[in-house]
*Asks:* 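Provided herewith is a single structure, encoded as structure tokens, for subsequent inquiry.
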Number of protein chains: 2
Amino acid sequence: MNNELRLKEKYFVEEVGLFFEQSGMPRMAGRILGWLLLSDPPHQSLDELAEALMASKGSISTTTRLLIQVGLIERISLPGVRRDYFRIRPGAFQHSLKQGVERVTILRKLAERGLELLEGKAPLTRQGLEEMRDMYVFFEREYPALLERWEQRRREKQATSEITR
Amino acid sequence: MNNELRLKEKYFVEEVGLFFEQSGMPRMAGRILGWLLLSDPPHQSLDELAEALMASKGSISTTTRLLIQVGLIERISLPGVRRDYFRIRPGAFQHSLKQGVERVTILRKLAERGLELLEGKAPLTRQGLEEMRDMYVFFEREYPALLERWEQRRREKQATSEITR
DNA sequence: TTGTATATTTTGTCAACACTGAATATACTG
DNA sequence: CAGTATATTCAGTGTTGACAAAATATACAA
């Protein structure tokens with residue numbers, strides 16, 4: 001009964017791990033995030049993480065630093081308690097989508113640099129890079145607007161819940 | 001003079017390679033794509049790629065297969081010519097953005113699975129996953145709509161250029 | 001069929017990297 | 001200050017994966 005739930009939690013954690021790995025991050029980063037999403041309370045110490053994930057403290061220490069650096073978790077310390085805790089950073093996922101915007105910018109710039117190299121070439125030769133540039137120019141503008149719309153909606157929801165409270 | 005251009009092309013190719021590597025793909029995949037973006041004509045044979053990128057044919061063969069599989073390039077064969085050629089697939093970048101939608105879906109589903117595991121828990125505990133789910137539900141709907149708008153615009157542009165022609 | 005051009009698969013090597021466990025550093029408590 | 005709890009760093013290990021080079025397969029031509 002309780003064991004079954006535990007097992008499902010482990011599966012969940014492993015799957016988040018696999019997703020992260022597929023995204024070019026250490027699998028352990030995904031495991032930590034997955035576990036922090038489930039854990040009650042939502043903040044967990046280094047030792048707790050190490051035990052829950054059956055990993056070494058060194059590994060957790062390194063990977064939490066990475067996760068903090070990319071803005072997905074944060075370190076919190078409670079007054080009078082030596083131990084540090086980690087928790088999902090509020091707005092973590094929004095933050096990660098925002099980083100996608102930067103990737104779009106990189107690609108737009110790459111396309112432009114490529115076109116400079118093809119200065120004076122036949123339109124058919126330039127076509128691929130032009131398509132690429134046009135597309136990323138479009139998304140570089142529209143994607144942040146979409147994020148803005150989400151934040152807007154979120155703020156409204158927040159306000160509603162505060163009234164209800 | 002011409003040499004300088006060649007050098008800049010190499011830099012460009014390497015940078016696309018690095019970008020791909022950072023995205024969890026083999027660097028060679030990025031190099032091939034980068035080179036195909038610049039090359040005149042836009043289609044290149046396996047041998048040509050191997051020579052231009054100073055890589056083994058085996059490496060090119062494996063990596064082109066990968067690139068075809070993810071939909072970024074395609075193989076073309078000309079009648080009466082033994083050699084096969086590769087070129088950027090028209091709409092390649094659009095296609096790659098579409099794959100982003102699938103990733104959003106995966107994350108939305110993961111969030112929902114996580115919430116099932118937290119059935120009956122305190123709202124504060126569920127909060128992180130609820131934020132995650134709400135957000136990806138939003139983007140799962142809006143992101144394809146954005147892509148649709150781009151395709152729309154693209155079709156218009158296409159039509160214009162055909163009139164001009 | 002034999003020979004030739006082309007493509008794929010395979011085997012081996014090397015480098016990168018996540019991870020562990022131990023050693024070290026840091027910070028708090030009495 | 002000594003002692004203890006906690007966190008970080010470091011050295012070593014194993015695995016993974018990209019890549020090269022060679023062997024094999026496939027398709028075409030004479």
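In the text below, chain A, chain B and the rest are named by the order of the sequence lines, each starting its count at 1.
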*Asks:* Are S23(B) and R103(A) linked by a side-chain donor-acceptor pair shorter than 3.5 Å?
*Replies:*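 On atom types as modelled, these side chains qualify, holding a pair under 3.5 Å.
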*Asks:* Rounding to a whole Å, what distance do you find between K57(A):NZ and dG21(C):P?
*Replies:*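 About 12 Å, once rounded to whole Å.
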*Asks:* Identify every side-chain donor-acceptor pair in residues 69-76 of chain A under 3.5 Å, counting partners at least two apart or on other chains, and give the distances.
*Replies:*
{"residue": "E74(A)", "atom": "OE2", "partner": "R87(A)", "partner atom": "NE", "Å": "2.8"}
{"residue": "E74(A)", "atom": "OE2", "partner": "R87(A)", "partner atom": "NH2", "Å": "2.8"}
{"residue": "R75(A)", "atom": "NH1", "partner": "D84(A)", "partner atom": "OD2", "Å": "3.2"}

*Asks:* Measure CZ/R65(B) against P/dA7(C) and give the value in whole Å, please.
*Replies:*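 Atom-to-atom, R65(B) to dA7(C), this comes out as 14 Å.
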*Asks:* Under 3.5 Å, which donor-acceptor pairs link side chains of residues 55-62 of chain B to any protein atom two or more places apart or in another chain?
*Replies:*
{"residue": "S56(B)", "atom": "OG", "partner": "S59(B)", "partner atom": "N", "Å": "3.1"}
{"residue": "T62(B)", "atom": "OG1", "partner": "G58(B)", "partner atom": "O", "Å": "3.0"}

*Asks:* Round to a whole Å and report the spacing from CG of L49(B) to P of dT8(C).
*Replies:*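 Value for this atom pair: 12 Å.
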*Asks:* So does R27(B) get a side-chain nitrogen or oxygen closer than 4.0 Å to the phosphate oxygens (OP1/OP2) of dA15(C)?
*Replies:*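 No, outside the criterion.
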*Asks:* Could you state the CG-P distance from D47(B) to dA5(C), rounded to the nearest angstrom?
*Replies:*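 Answer to the nearest Å: 12 Å.
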*Asks:* If the cut-off is 4.0 Å, is R83(B) near the phosphate of dT4(C), judged by side-chain N/O to OP1 or OP2?
*Replies:*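 No, R83(B) has no side-chain N/O under 4.0 Å of OP1/OP2 on dT4(C).
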*Asks:* Report the distance from atom CZ of R75(B) to atom P of dA7(C), rounded to the nearest whole Å.
*Replies:*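 Atom CZ in R75(B) sits about 8 Å away from atom P in dA7(C).
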*Asks:* For E51(B), is the CD atom crowded, meaning more than 12 foreign heavy atoms sit under 6.0 Å from it?
*Replies:*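 Counting other residues, nucleotides and ligands, CD of E51(B) stays at 12 neighbours or fewer.
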*Asks:* Report yes if some heavy atom in the side chain of Q94(A) is under 4.5 Å from a heavy atom in the side chain of R154(A); otherwise report no.
*Replies:*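 Side chain of Q94(A) against side chain of R154(A), heavy atoms only: contact under 4.5 Å found.
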*Asks:* Going 5' to 3' along DNA chain D, which are the first and last nucleotides with any atom under 4.0 Å from a heavy atom of chain B?
*Replies:*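 Boundary nucleotides touching chain B, in 5' to 3' order, are dA18(D) to dA29(D).
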*Asks:* Toward the 5' end of DNA chain D, which comes first, S61(A) or M25(B), by nearest nucleotide?
*Replies:*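 The answer here is S61(A).
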*Asks:* Round to a whole Å and report the spacing from CE of M28(B) to P of dC14(C).
*Replies:*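 Value for this atom pair: 18 Å.
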*Asks:* In this structure, how many angstroms lie between the C1' atom of dA18(C) and the CD1 atom of I60(A), rounded?
*Replies:*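 After rounding, the reported distance stands at 12 Å.
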*Asks:* In Å and rounded to the nearest 0.5 Å, what is the CE to CG distance from M132(B) to L110(B)?
*Replies:*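 M132(B) CE to L110(B) CG: 5.5 Å, rounded to 0.5 Å.
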